[in-house]
Every structure is written in C-alpha cells, then in structure tokens.
Amino acid sequence: MPFIDVTIGLGRTPEQIRALIHELTDAAQRALDAPKVNIRVVVREVPETHWAAGDVTIAERRAGL
C-alpha cells in the first residue's frame, strides 16, 4: 500500500491541494501499478514561520530578512 506524505507551505487553495492529491495518486498508480484504492496521500501544510532552511524561515526570506 503506497503511502505518500507531502509537506508544503501554508497558503494553497483547497482546489490546489485536491489537484496535488489527484496527480500524486495517478503518478503512484502508473509508476507502481498499484490499485488506486490502496494509495494513501497525506498533505501537511506548515506555516511559513515554522519552516526554515539555513536558519532562515520562509516568512523571513519572503520579508527579505
């Protein structure tokens, strides 16, 4: 049973999240020949203040800090 866990920055529309789930499910089905009903997708949205690279949060990077 494929389990796809995606973490993205907060701010996408429900339609964008739904489209991502659809595309990931289809890709897993094609690549693994897995039955669609067995594919699980979880999308986690993280606030920009809670995600950092190189000790700089996404929010700080967007603010030019």
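FYI, the numbering just counts along the sequence from 1. Keep in mind the model is a prediction, meaning the values are calculated, not measured.
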request  = Please lay out, stage by stage, how I8 and R44 fare under the test side chain to side chain contact (heavy atoms under 4.5 Å, CB included).
outcome  = CA-CA 6 Å; I8 59 174; R44 303 170 196 277; over 6 Å; no
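- Other members of the hydrophobic cluster containing I58, listed by chain and number, are V46, W51; membership follows side-chain contacts under 4.5 Å among ILVMFWY residues, whether direct or relayed.
- Its side chain within the 4.5 Å cluster rule, F3 clusters with V42 among the Ile, Leu, Val, Met, Phe, Trp and Tyr residues.
- Counting all heavy atoms, side chain and backbone alike, P2 lies closest to L32 at CG-CD1, 3.8 Å.
- Looking at I21, L20, I17 one by one, the single match for side-chain contact (heavy atoms from CB on, under 4.5 Å) with V6 turns out to be L20.
- Contact annotation: the side chain of D26 approaches that of H22 to within less than 4.5 Å [non-hydrogen atoms, C-beta and beyond].
- Listed here is the closest heavy atom pair of T49 and T57: O-CG2, 3.7 Å.
- Atom CG of D33 has 12 or fewer heavy atoms from other residues, nucleotides or ligands within 6.0 Å.
- Heavy-atom minimum distance, E45 versus R12: OE2-N, 3.7 Å.
- Legend: salt bridge (Lys or Arg N to Asp or Glu O under 4.0 Å) pairs involving residues 53-65, not counting sequence neighbours, sorted by first then second residue: E48-R62.
- Atom CZ of R40 and atom OG1 of T25 lie 10.0 Å apart (nearest 0.5 Å).
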